[in-house]
Amino acid sequence: MKEHRELSFLIDHMPLAYVVWDAECRITEWNPAAERIFGWPAGEALGRHVWELIVPPDMRGSVGAAWKEALDTASCTVHDNVRKDGTRLICEWYNTPFLDPAGGIAGCISMIQDITERKRAEQALRDSEDHVRQFFEETSDAIVLFRIRTLTIIDANPAALQLIGIAREELAGLKLEDFIPPQVFQDFIGKVRLDDHSREFILEKANCLRKDGSTVVVSILGKILHLRNEYIIFCSIRDVSEKVRLQGEIQATQAKLIHANKMTSLGMLVSSMAHEINNPNQYISVNAMMLADVWRDAAAILRRYREENGDFSIGGLQFGEIEELAPRLFSGISEGSRRINAIINDMRDFVKEDKSGRRGIIDINRLVNSAASILWHHIHKHTDNFRVELQDGLSPVRGNGQQIEQVIINLIMNALQ
């Protein structure tokens with residue numbers, strides 16, 4: 001009697017449902033845990049077929065035969081079940097047949113555990129893993145997972161395979177250093193902090209070596225993750241070649257804008273200089289011509305004086321020398337004034353915006369002379385052996401005179417240097 005009371009106490013207080021059913025699959029015992037799990041009071045459950053209470057209606061077709069087959073051997077199975085209120089359950093059944101005194105199967109003892117929440121959690125985990133895997137497979141950024149100690153590749157998504165230019169079967173044994181140049185690899189290793197797994201590390205710009213020998217510019221974002229009892233390095237690798245190209249174009253455009261601003265400022269400066277220089281230069285030119293006329297009249301008088309009195313000195317030189325030298329001096333002043341005027345005009349033309357584009361009519365000889373005139377000081381500073389040989393009768397051509405003149409200036413400067 002004591003053992004019977006203890007067994008009854010154990011059955012009544014165990015967390016698992018305890019259900020006994022006979023050879024006809026009719027319930028003979030139904031403990032409080034069974035009432036709690038399935039919602040049927042013992043008074044309503046005893047004497048009824050098992051499947052009437054716990055098998056969902058849409059699954060009861062030929063279930064009786066299947067339940068009788070379960071009496072043959074001990075088993076552990078998982079079934080979709082239902083509560084009295086229609087709520088679906090997933091239960092794990094531990095079935096143990098028992099015999100009658102004659103040795104025939106008298107029924108089955110079932111211990112039943114409600115594993116609905118566990119199965120839902122497992123399904124949610126599988127769904128989450130599926131979502132992560134889908135993101136891993138479909139994201140446009142290359143993702144590579146490395147072992148933290150050896151830096152061998154654990155896995156890579158299709159975008160990474162395409163970026164490196166390899167097939168999936170070629171991943172085995174591949175390391176980070178196989179597609180990252182040595183210096184970049186050292187920079188990468190230097191950013192990995194094994195003592196601080198919370199920090200991300202970034203390489204803003206690095207060359208990635210593809211299998212075919214070509215390179216692409218990439219940025220690498222890395223982080224240490226704990227995955228399946230192992231620390232790994234997660235790397236997101238993004239192809240930034242186009243971004244780098246566009247940045248280069250932007251910088252080149254900015255440089256052109258700066259140069260254009262400089263040329264605009266230079267044009268204003270040249271215009272101001274031309275105005276300031278032209279006025280005194282006009283005085284020089286006019287005065288030189290007037291003094292040349294005065295000299296011609298005075299020279300005739302001085303020649304008669306020499307004939308009558310003999311040679312004499314003017315400005316430390318004999319009149320005979322002065323008579324020969326003075327015309328060249330006046331001519332030199334006039335030529336210098338003309339040259340100043342030509343240089344100013346050439347500089348004006350050089351900095352003036354060429355609105356003709358590439359369709360303007362240009363004279364190559366004039367552009368050569370203009371470039372040589374602008375660089376006259378530099379030429380005579382660097383060499384005594386400079387001459388201009390122009391071909392006569394060249395036909396005018398279409399083009400951008402300002403750009404061609406710049407080319408000629410560059411050629412002369414390169415030669416002088």
Side-chain angles (χ1 to χ4, degrees), residues 6-22 25-46 48-98 105 107-138 143 145 154-155 157 197 223-232 234:
E6 290 176 348
L7 179 60
S8 295
F9 180 84
L10 177 63
I11 290 173
D12 288 344
H13 291 85
M14 67 171 51
L16 301 181
Y18 178 82
V19 179
V20 180
W21 34 294
D22 61 18
C25 298
R26 294 183 182 276
I27 298 170
T28 60
E29 290 193 46
W30 186 265
N31 75 340
E35 293 182 348
R36 185 182 70 255
I37 292 173
F38 295 107
W40 291 93
E44 297 181 35
L46 296 177
R48 299 179 66 173
H49 288 107
V50 181
W51 60 80
E52 290 182 62
L53 305 185
I54 60 177
V55 176
D58 57 337
M59 300 174 64
R60 292 176 187 170
S62 58
V63 75
W67 279 86
K68 288 182 178 180
E69 288 177 8
L71 295 170
D72 292 341
T73 58
S75 63
C76 176
T77 56
V78 175
H79 295 285
D80 288 332
N81 297 147
V82 65
R83 286 174 53 85
K84 182 181 180 180
D85 62 7
T87 305
R88 292 288 186 120
L89 302 173
I90 301 174
C91 295
E92 195 166 37
W93 289 64
Y94 302 90
N95 302 315
T96 304
F98 60 90
I105 294 177
C108 183
I109 298 172
S110 295
M111 308 289 286
I112 308 164
Q113 180 180 10
D114 181 1
I115 60 171
T116 305
E117 291 303 319
R118 190 184 80 191
K119 287 295 183 180
R120 287 175 179 170
E122 290 175 353
Q123 185 60 46
L125 180 60
R126 283 194 296 272
D127 291 343
S128 176
E129 289 178 345
D130 289 343
H131 291 155
V132 171
R133 190 69 198 183
Q134 184 179 9
F135 170 80
F136 181 80
E137 293 290 335
E138 295 181 5
I143 298 177
L145 305 179
I154 301 172
D155 200 359
N157 69 344
H197 298 165
K223 194 175 189 312
I224 297 176
L225 302 178
H226 190 254
L227 184 65
R228 296 176 183 172
N229 300 319
E230 180 183 13
Y231 284 105
I232 66 167
F234 168 93

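Just so you know, residue 1 is the first one in the sequence shown, and it goes up from there. Note that this is a predicted model, so its numbers are computed, not measured.
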- prompt: How far does SG of C91 sit from CD1 of I54, to the nearest 0.5 angstrom?
  reply: 7.5 Å

- line: Scanning both residues in full, the closest heavy-atom pair of I143 with N157 reads N-OD1, 2.9 Å

- prompt: How long is the gap from CD on E29 to CG on L46, to the nearest 0.5 Å?
  reply: 8.5 Å

query: For E52, which residues count as a side-chain hydrogen bond (donor to acceptor under 3.5 Å, both in side chains) partner, sequence neighbours excluded?
result: H49

query: Honestly, is R48 close enough over W21, meaning NZ or CZ under 6.0 Å from the six-membered ring centre and within 45° of the axis?
result: no

Pairing residues for T28 by the side-chain hydrogen bond (donor to acceptor under 3.5 Å, both in side chains) criterion, not counting sequence neighbours: none

- prompt: Can you find a pair of side-chain heavy atoms, one from F98 and one from I105, that are under 4.5 Å apart?
  reply: no

query: Got I90 and N81 here, is their nearest side-chain heavy-atom distance under 4.5 Å?
result: no

message: Working note: W51 + C25, criterion side chain to side chain contact (heavy atoms under 4.5 Å, CB included); need CA distance, chi angles, decisive distance, verdict.
response: CA-CA 8 Å; W51 60 80; C25 298; 3.5 Å; yes

query: Which pair of heavy atoms, one from W93 and one from V50, lies closest together, and at what distance?
result: CH2-CG1, 4.1 Å

- line: CH2 of W40 to CD1 of I27, rounded to nearest 0.5 Å, is 9.5 Å

query: Would you call E92 and M111 a side-chain contact if the rule is heavy atoms closer than 4.5 Å?
result: no

- prompt: Looking at side-chain heavy atoms only, is the closest gap between L89 and V82 below 4.5 Å?
  reply: no

- line: Here the gap from N31 atom CG to I112 atom CD1, rounded to the nearest 0.5 Å, amounts to 8.5 Å

query: For the side chain of R83 and the backbone of R36, is there at least one donor-acceptor N/O pair under 3.5 Å apart?
result: yes

If you look only at distance, which donor and acceptor atoms sit under 3.5 Å apart when one is on a side chain in residues 10-19 and the other is two or more places apart or in another chain?
unit_1	atom_1	unit_2	atom_2	d
H13	ND1	F9	O	2.8

task: Go through the side-chain N and O atoms of Q123 and R120 and say whether any donor and acceptor fall under 3.5 Å apart.
output: no

query: Can you check whether L53 reaches F38 side chain to side chain, under 4.5 Å on heavy atoms?
result: no

query: Which heavy-atom pair separates A42 from W30 by the least distance, and what is that distance?
result: CA-CD1, 3.6 Å

statement: Scanning both residues in full, the closest heavy-atom pair of P41 with G39 reads CD-O, 3.6 Å

